[in-house]
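Remarks on the structure that follows.
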Amino acid sequence: MFARTAARFALRPCVASPVKARAFNTASRATASLSSRRMATMVTAGVITASALSYAYLQKPVSADSKPIAGVEGTFSERTFIAIKPDGVQRGLVGKIINRFEERGYKLVGLKALVPSKELAEKHYEDLKERPFFGGLVNYMTSGTPVIAMVWEGKDVIKQGRAMIGATNPLQAAPGTIRGQYAISTGRNIIHGSDSYASAEKEIGLWFGAAGELTEWTPANVEWVQSDN
Ligand code: IDP
Ligand code: MG
């Protein structure tokens with residue numbers, strides 16, 4: 001089970017080069033209890049495969065710039081832009097909201113707290129610029145309380161993120177969704193989430209467009225979250 005998963009999720013960068021005992025010496029924490037000679041023997045025998053190698057790989061965060069900014073739609077690399085708006089921050093809901101995405105099995109690959117410029121807020125909501133609430137919306141987003149901007153990654157994360165957030169008008173949001181649990185006004189609905197792959201591309205680019213702002217990493221529980229047997 002693990003060997004197959006490792007090939008799928010973590011091992012590709014390592015498999016390209018010949019497996020040497022040295023690779024396992026760098027996987028110090030995962031293999032600290034084993035002597036290097038025993039490890040080398042186990043490597044030769046094919047006993048140590050996925051965990052040690054993938055750990056070595058994990059030690060070296062790589063830039064995510066090598067793939068599309070919103071990942072590949074419909075795969076585990078799909079990404080969405082999620083932002084906890086100033087009301088969510090003022091109400092102390094940051095931890096609870098992050099917790100929901102983490103517990104669901106999604107992976108956090110970008111995070112920052114910032115007060116967006118007027119220009120950024122206007123660009124983010126540009127499709128609503130003719131709406132009567134646009135000015136108020138931009139003021140609320142740029143009022144001085146930070147927005148917690150995040151990029152989450154995982155299978156179907158764009159659609160599922162929207163489902164977890166709930167309807168725009170919290171009074172229509174299902175109980176148990178974020179808005180359905182924490183909000184009662186459309187103008188203070190706590191959270192934003194990309195509504196399509198095209199929106200995710202645009203929004204991640206706007207908020208995390210600089211090189212090196214996103215990370216690629218492999219969660220230790222990947223087998224227990226992603227496997228389809
Ligand atoms: P969404 O956030 O669910 O994607 P949109 O229709 O894209 O909903 O609207 C963006 C944001 O604009 C909403 O989350 C909300 O903060 C604000 N908004 C939308 N409609 C209204 C309204 O009728 N009154 C006040 N604010 C609104
Ligand atoms: Mg929207």
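The residues of the chain are indexed from 1 along the displayed sequence. Just so it is clear, the values below take in all heavy atoms, side chains as well, and ignore hydrogens, waters and symmetry mates. Atoms within a ligand are numbered from 1 in the order they appear, just like the ligands themselves.
Inter-residue side-chain proximity for His124 and Phe81 is flagged as met; some heavy-atom pair is nearer than 4.5 Å. With contacts defined as side-chain heavy-atom distances shorter than 4.5 Å, the pair Trp217/Lys107 qualifies.
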* Carefully, step by step, assess Glu126 and Lys123 under the rule salt bridge (charged side-chain N to carboxylate O under 4.0 Å, His left out). => CA-CA 5 Å; Glu126 67 184 345; Lys123 187 89 187 135; 3.2 Å; yes
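The 4.0 Å heavy-atom shell around ligand 1 contains residues Lys85, Tyr125, Leu128, Phe133, Leu137, Arg162, Thr168, Arg179, Thr186, Gly187, Asn189, ordered by chain and number.
Going from atom CG of Asp87 over to atom CE of Met141 covers 9.0 Å, rounded to the nearest 0.5 Å.
For the pair Lys112 and Phe208, the cation sits on the ring face: its NZ or CZ lies under 6.0 Å from the ring centre, inside 45° of the axis.
Between the side chain of Arg179 and the main chain of Asn189, a donor-acceptor pair closer than 3.5 Å is present.
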